[in-house]
Peer 1: 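Before we start, here is the structure in question, set down as structure tokens.
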2 protein chains.
Amino acid sequence: MTARTSTESARDIPEATVARLPVYLRALTTLSEAGTGTCSSEALAAAAGVNSAKLRKDLSYLGSYGTRGVGYDVDYLRYQIAREIGVTQDWPVVIVGIGNLGHALANYSGFRSRGFRTVALLDADPARHGEMVAGIEVQPFDDLESIVAEHGVAIGVIATPAVAAQAVADRMVACGITSILNFAAGVLSVPAGVDVRKVDLSVELQVLAYHEQRKAQGELA
Amino acid sequence: MTARTSTESARDIPEATVARLPVYLRALTTLSEAGTGTCSSEALAAAAGVNSAKLRKDLSYLGSYGTRGVGYDVDYLRYQIAREIGVTQDWPVVIVGIGNLGHALANYSGFRSRGFRTVALLDADPARHGEMVAGIEVQPFDDLESIVAEHGVAIGVIATPAVAAQAVADRMVACGITSILNFAAGVLSVPAGVDVRKVDLSVELQVLAYHEQRKAQGELA
DNA sequence: TCCGTTTTGTTCTCCCGTTCACAAACTCCT
DNA sequence: AGGAGTTTGTGAACGGGAGAACAAAACGGA
């Protein structure tokens with residue numbers, strides 16, 4: 001899904017593993033807050049909802065952070081995963097398109113608590129400019145370039161209607177953004193070296209509908 | 001991701017293909033609206049953002065709906081895919097948790113236009129009851145059972161805080177819902193036969209952060 | 001110190017999904 | 001009617017990820 005064409009680095013962690021690391025991170029945070037100091041791969045796997053063998057294999061890509069016969073130190077492992085996926089540092093993020101979804105994203109606490117700082121909310125509609133959302137003022141989309149330059153933004157979020165998405169993406173790429181999270185429908189085309197991840201709510205529902213339909217067919221057969 | 005333990009049916013379409021069918025469906029709709037009557041696998045694949053060989057293989061699981069040397073009839077193929085994933089019929093949906101995200105979901109036009117009808121918005125907070133969102137009144141969560149029974153709801157959406165999610169899922173399952181779209185953080189445990197799909201916004205950003213960090217490391221190496 | 005217990009890290013095998021490559025099938029032109 | 005040109009549908013090779021199984025390593029008790 002995510003196009004990777006940039007430079008290869010020493011250890012490359014499988015894409016499937018990368019997608020699970022944030023899940024482990026969250027499980028570890030929960031365990032830590034519950035006062036757990038050490039946990040086995042079995043326990044952590046249960047908390048993360050995966051197979052323990054898969055968990056151990058995933059962690060082995062990062063290094064050897066466990067102790068045989070004992071398990072993993074929760075806080076230590078948590079730090080190692082956070083460092084590996086880069087959430088120990090602070091990532092400035094720009095959100096474009098402050099409709100219903102943009103509002104929800106701006107207010108979503110899960111971003112800030114995980115190292116993502118929303119530095120600007122942009123919208124092309126002048127009627128929205130000046131509105132305060134989640135303590136941040138909505139600014140004109142044309143301010144994109146100056147904001148990206150000022151804060152060194154590398155990650156952009158697109159929450160606009162589908163028709164505007166490609167134009168927004170082009171502007172983002174032009175001013176140096178290299179990672180895009182896209183909530184708009186349709187396919188974005190971006191140059192090599194730019195990562196795009198897409199979240200499509202209606203696709204998720206349609207997949208559920210397919211399985212639901214199959215269940216119904218099975219019953220009357 | 002999605003646990004499938006229900007009855008196996010005649011043709012089983014690979015999970016990866018099922019996830020792409022909605023994308024093809026959208027591309028076909030766009031083509032149809034642009035007045036295109038026929039298209040090749042190459043053209044459709046470009047519109048959907050996939051490899052043409054993959055597209056043809058995916059479509060071959062549904063049947064043989066193309067014509068060699070010509071391509072696919074846009075409207076005919078669109079109908080076939082829609083029928084296969086079950087969006088020719090109307091799916092009643094319940095949304096639980098009418099915070100920022102719940103608002104966005106209730107207002108999201110992509111659901112209704114794709115055969116999903118929001119029949120109820122539920123929230124445990126009495127302060128929200130009676131509020132009109134997207135033309136629908138927010139009702140108490142305790143009305144879940146009666147609403148599900150009345151409308152024959154099979155699909156539920158969870159947009160609550162993480163702490164409430166498991167309890168909501170349990171109630172949903174107890175009253176007959178068999179497909180859940182979960183936006184809350186954390187792992188849901190449900191009995192076999194119930195499908196859960198999870199959308200985790202912060203996981204998506206963290207995956208981007210990982211790749212972004214790698215790009216940065218590559219530059220200074 | 002030595003042995004049994006626990007748990008990690010890793011190897012091996014299997015399966016699913018992707019991609020290539022090509023034969024079959026259809027259209028159009030002569 | 002026949003041949004050239006297109007495009008589908010699919011067989012086969014390939015690569016990556018999932019899970020089982022086990023050896024290596026640490027701990028604890030006698």
Side-chain angles (χ1 to χ4, degrees), chain A residues 1-5 8 11-21 23-24 27-28 31 36-74 76-78 80-81 84 207 210-211, chain B residues 1-5 8 11-24 27-28 31 36-74 76-78 80-81 84 207 210:
Chain A
M1 208 58 35
T2 305
R4 290 284 299 135
T5 332
E8 307 302 320
R11 278 182 315 202
D12 59 322
I13 300 178
E15 199 54 38
T17 297
V18 171
R20 281 188 295 267
L21 289 179
V23 179
Y24 303 155
L28 284 166
L31 286 174
T36 310
T38 299
C39 73
S40 68
S41 65
E42 201 71 47
L44 181 53
V50 302
N51 183 297
S52 70
K54 179 152 59 177
L55 170 72
R56 287 199 300 277
K57 179 174 281 197
D58 283 342
L59 295 184
S60 75
Y61 290 113
L62 311 189
S64 204
Y65 296 132
T67 309
R68 300 178 190 221
V70 176
Y72 300 93
D73 182 290
V74 171
Y76 181 59
L77 181 59
R78 185 157 69 115
Q80 293 300 338
I81 294 180
E84 188 71 35
V207 171
Y210 169 77
H211 290 306
Chain B
M1 210 62 32
T2 306
R4 292 283 298 134
T5 332
E8 308 301 320
R11 278 181 314 201
D12 59 322
I13 300 177
E15 199 53 41
T17 297
V18 171
R20 281 188 295 267
L21 290 178
V23 179
Y24 302 155
L28 284 166
L31 286 173
T36 311
T38 299
C39 72
S40 67
S41 65
E42 202 70 47
L44 181 54
V50 300
N51 184 298
S52 70
K54 179 151 57 178
L55 169 73
R56 288 199 300 277
K57 176 151 282 198
D58 282 343
L59 294 183
S60 76
Y61 291 113
L62 310 189
S64 202
Y65 296 133
T67 310
R68 297 176 192 223
V70 178
Y72 300 92
D73 181 291
V74 171
Y76 181 59
L77 181 59
R78 184 157 70 116
Q80 293 299 338
I81 294 179
E84 189 72 35
V207 171
Y210 169 78

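Just the heavy atoms: all of them, side chains too, but no hydrogens, waters or symmetry mates, feed the values below. Letters A, B, ... are given to chains in the order of the sequence lines, protein chains preceding strands, and every chain is numbered from 1.
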Peer 1: When the distance from CD of B:E42 to P of D:dT8 is rounded to whole Å, what number comes out?
Peer 2: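 Distance check: B:E42 CD to D:dT8 P gives 8 Å.
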Peer 1: Under 4.0 Å from OP1 or OP2 of D:dA20: is there any side-chain N or O of A:N51 that close?
Peer 2: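 Checking D:dA20 against A:N51, a side-chain N or O does come within under 4.0 Å of OP1 or OP2.
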Peer 1: Let me know which of B:D73, B:L77, B:L44 forms a side chain to side chain contact (heavy atoms under 4.5 Å, CB included) with B:C39.
Peer 2: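 Filter result, single survivor: B:L44.
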Peer 1: Would you indicate, yes or no, if D:dG17 has its OP1 or OP2 atom less than 4.0 angstrom from a side-chain nitrogen or oxygen of A:Y61?
Peer 2: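 No, A:Y61 has no side-chain N/O under 4.0 Å of OP1/OP2 on D:dG17.
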Peer 1: What is the separation between atom NZ on A:K54 and atom C1' on C:dT10, rounded to the nearest whole Å?
Peer 2: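 About 17 Å, once rounded to whole Å.
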Peer 1: Just how far, in rounded Å, is P of C:dT6 from CZ of A:R68?
Peer 2: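 So the CZ-P distance, A:R68 to C:dT6, works out to 17 Å.
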Peer 1: Are B:S41 and D:dT8 close enough that a side-chain N or O sits under 4.0 Å from OP1 or OP2?
Peer 2: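 For B:S41, the contact criterion (side-chain N or O under 4.0 Å from OP1 or OP2 of D:dT8) is met.
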Peer 1: For the pair made of CD in A:E15 and P in C:dT18, what is the distance, rounded to whole Å?
Peer 2: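 The distance from CD of A:E15 to P of C:dT18 comes to 14 Å, rounded to the nearest Å.
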Peer 1: Report the distance from atom CZ of A:R56 to atom P of C:dT6, rounded to the nearest whole Å.
Peer 2: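 In whole Å, C:dT6 P and A:R56 CZ are 15 Å from each other.
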Peer 1: Quick one: do A:Y65 and A:I81 satisfy side chain to side chain contact (heavy atoms under 4.5 Å, CB included)? Show the steps, please.
Peer 2: CA-CA 10 Å; A:Y65 296 132; A:I81 294 180; over 6 Å; no
Peer 1: Any non-hydrogen side-chain atom of A:L21 less than 4.5 Å from a side-chain atom of B:Y210?
Peer 2: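 No. Closest side-chain heavy atoms not under 4.5 Å.
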Peer 1: Can you find a side chain N or O atom of A:R20 that sits less than 4.0 Å from OP1 or OP2 on D:dA18?
Peer 2: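 Result: yes.
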Peer 1: To the nearest 0.5 Å, what is the distance between CZ on B:R20 and CG on B:L59?
Peer 2: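 B:R20 CZ to B:L59 CG: 10.0 Å, rounded to 0.5 Å.
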Peer 1: Among D:dA26, C:dG17, D:dA18, which nucleotide sits nearest the side chain of B:A16?
Peer 2: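 For the B:A16 side chain, the nearest candidate turns out to be C:dG17.
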Peer 1: What's the CG-P distance between A:L77 and C:dT8, to the nearest Å?
Peer 2: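 Going from CG in A:L77 over to P in C:dT8 covers 11 Å.
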Peer 1: Where each residue is assigned the nucleotide of DNA chain C containing its nearest heavy atom, which of A:K57 and A:G69 is assigned the position nearer the 5′ end?
Peer 2: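 Checking each residue's closest nucleotide, the 5'-ward one belongs to A:G69.
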Peer 1: So, is B:T67 close to the D:dT8 phosphate, meaning a side-chain N or O under 4.0 Å from OP1 or OP2?
Peer 2: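 So the side chain of B:T67 is outside the cut-off, no N or O lying under 4.0 Å from OP1 or OP2 of D:dT8.
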Peer 1: State which of D:dT7, D:dG9, D:dA20 makes the closest approach to the side chain of A:A53.
Peer 2: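 Selected nucleotide (nearest to the side chain): D:dA20.
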Peer 1: Can you tell me the distance, in whole Å, between the OH atom of A:Y65 and the P atom of C:dT10?
Peer 2: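 Going from A:Y65 (OH) to C:dT10 (P), I get 12 Å.
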Peer 1: Between D:dG9, C:dT8, D:dG17, which one does the side chain of A:P14 approach most closely?
Peer 2: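 For the A:P14 side chain, the nearest candidate turns out to be D:dG17.
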Peer 1: Distance check needed: D:dT10 P versus B:L62 CG, whole Å only.
Peer 2: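 Those two atoms, CG and P, are 12 Å apart.
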Peer 1: How long is the span from the OH atom in B:Y72 to the CG atom in B:L55, to the nearest 0.5 Å?
Peer 2: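 So the OH of B:Y72 and the CG of B:L55 are separated by 6.0 Å.
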